[in-house]
Amino acid sequence: MSSAAAKPILYSYFRSSCSWRVRIALALKGISYDLVPVNLLKDGGQQLAIIHYLEDTRPNPRLLPQDPKKRAKVRMIADHIVSGIQPLQNLSILKKMGEKKTEWAQNCIASGFQALEQILQHTSGRYCVGDEVSMADLCLVPQVSNAERFKVDMGPYPTITRINKALLELEAFKVSHPSRQPDTPAELQA
């Protein structure tokens, strides 16, 4: 992204979980930006730092609660997803798995979701932590989409499913969806 004074530029790949999280944050904060599509079939990258930057420079609406205990819960959930689940199903890993890539992705996601489901049973309200959208929610939706893409059985995760459904009803999550990006292949567009 460019400096705060100029219109930000987001270098984005339509299906990237990292880019999707940032698009949701930008939409929630009402920040207009220029999108420059890039093809990430070579490399990915963690972009959660961009969301922290947005939170520091444009704090409304808040994506991290002011309450320290709630803030810690949001960070725990976000970190669990972006560090413990999502990297294990990145393209570079899946290529190394060869024919077992789908099974590998399913197992990694299911293992991570088992822990996440238990956490969310204690932290959630309408969303991951209470009734306000937070950074944790920005991480959840792209990961559930990846789970669906890899045909993970979502039956064992009713809390994750309920929260995801509620989030997908919000405009910021709709406009940031991969199916609505300028670089989305025609067959995947909404």
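Worth knowing before you read on, the calculation uses all heavy atoms, side chains too, and leaves out hydrogens, waters and symmetry mates. This structure is a prediction, so every number in the text was calculated from the model and none was measured. Residue numbers start at 1 and run along the sequence shown.
Between Val133 and Phe173, some side-chain heavy-atom pair lies under the 4.5 Å cut-off. For the pair Pro8/Ile31, a side-chain contact is recorded, criterion being any heavy-atom separation below 4.5 Å from C-beta on. Two residues are said to be in side-chain contact when any heavy atoms from C-beta on lie closer than 4.5 Å; Leu63 and Val74 fail this criterion. Considering only heavy atoms from C-beta on, Ile9 comes within 4.5 Å of Tyr11 through its side chain. Within the 4.5 Å cutoff, the side chain of Leu167 has no heavy atoms near those of the Ile24 side chain. Residues Met135 and Cys128 fail the side-chain proximity criterion, which asks for heavy atoms closer than 4.5 Å. Taking the side chain as every heavy atom from C-beta outward, Leu10 and Val36 never approach each other to under 4.5 Å.
Here Glu187 pairs with nothing under the salt bridge (charged side-chain N to carboxylate O under 4.0 Å, His left out) rule; sequence neighbours left out. Lys100 is linked by a side-chain contact (heavy atoms from CB on, under 4.5 Å) to Glu103, counting only residues two or more places apart in sequence or in another chain.
Other residues, nucleotides and ligands place no more than 12 heavy atoms under 6.0 Å from the CD atom of Glu99.
When every heavy atom of Ile81 is checked against every heavy atom of Pro87, the shortest pair comes out as O-CD, 4.2 Å. Of all the heavy atoms in Ser19 and Tyr13, the pair that sits closest is OG-N, 3.4 Å. Heavy-atom minimum distance, Lys101 versus Met97: CA-CB, 3.7 Å. In this structure, Cys139 and Val82 approach most closely via the heavy-atom pair SG-CG1, 3.6 Å.
Atoms CD and CG, from Glu171 and Leu28 in turn, are 10.5 Å apart once rounded to the nearest 0.5 Å. In this structure, CG in Leu94 is found 8.0 Å from OG1 in Thr102, a value given to the nearest 0.5 Å. Note that NZ of Lys96 and CG of Leu91 are 11.0 Å apart. Values are rounded to the nearest 0.5 Å. Taking CG of Leu168 as the reference point, atom CD1 of Ile163 lies at 12.0 Å (rounded to 0.5 Å). Atom CZ of Phe150 is separated from atom SG of Cys108 by 10.0 Å, given to the nearest 0.5 angstrom. A distance of 10.0 Å separates CD1 of Ile109 from CD of Gln86, quoted to the nearest 0.5 Å.
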Output a table of donor-acceptor pairs, distance under 3.5 Å, between side-chain atoms of residues 152-162 and any protein atom two or more places apart or on a different chain; print 'none' if there are none.
| from | atom 1 | to | atom 2 | distance (Å) |
| --- | --- | --- | --- | --- |
| Asp153 | OD1 | Gly155 | N | 2.9 |
| Tyr157 | OH | Ala110 | O | 3.4 |
| Thr159 | OG1 | Glu117 | OE2 | 2.7 |
| Thr161 | OG1 | Tyr157 | O | 2.9 |
| Arg162 | NH1 | Gly125 | O | 2.8 |
| Arg162 | NH2 | Ser124 | OG | 3.1 |
| Arg162 | NH2 | Gly125 | O | 3.3 |

Side-chain donor-acceptor pairs under 3.5 Å in residues 178-185, sequence neighbours left out?
| from | atom 1 | to | atom 2 | distance (Å) |
| --- | --- | --- | --- | --- |
| Ser179 | OG | His177 | ND1 | 2.9 |
| Arg180 | NH1 | Lys174 | O | 3.4 |
| Gln181 | OE1 | Arg23 | NE | 3.3 |
| Gln181 | NE2 | Val175 | O | 3.2 |
| Gln181 | NE2 | Ser176 | O | 3.2 |
| Gln181 | NE2 | His177 | O | 2.9 |
| Asp183 | OD2 | Phe14 | N | 3.0 |
| Thr184 | OG1 | Pro178 | O | 2.3 |
| Thr184 | OG1 | Gln181 | N | 3.3 |
| Thr184 | OG1 | Gln181 | O | 3.0 |

Name the atoms and distances for all side-chain donor-acceptor pairs under 3.5 Å in residues 141-149, with sequence neighbours left out.
| from | atom 1 | to | atom 2 | distance (Å) |
| --- | --- | --- | --- | --- |
| Gln143 | OE1 | Gln89 | NE2 | 2.9 |
| Gln143 | NE2 | Gln89 | OE1 | 3.4 |
| Asn146 | OD1 | Arg149 | NH2 | 3.1 |
| Asn146 | ND2 | Ser17 | OG | 2.9 |

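Of the possible donor and acceptor atoms, none in the side chain of Trp104 sits under 3.5 Å from a partner among the backbone N and O of Ile93. Remark: side-chain polar atoms of Asp137 are not paired, donor with acceptor, to backbone N or O of Tyr127 under 3.5 angstrom.
Applying the salt bridge (charged side-chain N to carboxylate O under 4.0 Å, His left out) rule to pairs touching residues 121-131 yields Arg126-Glu169, sequence neighbours excluded. Sorted pairs that involve residues 63-80 and meet side chain to side chain donor-acceptor pair (under 3.5 Å), not counting sequence neighbours, are lacking altogether. Sorted by first and then second residue, the pairs that involve residues 29-39 and meet salt bridge (charged side-chain N to carboxylate O under 4.0 Å, His left out), not counting sequence neighbours, are Lys7-Asp34, Lys29-Glu55. For residues 105-115, the set of pairs meeting the side chain to side chain donor-acceptor pair (under 3.5 Å) definition, not counting sequence neighbours, is empty.
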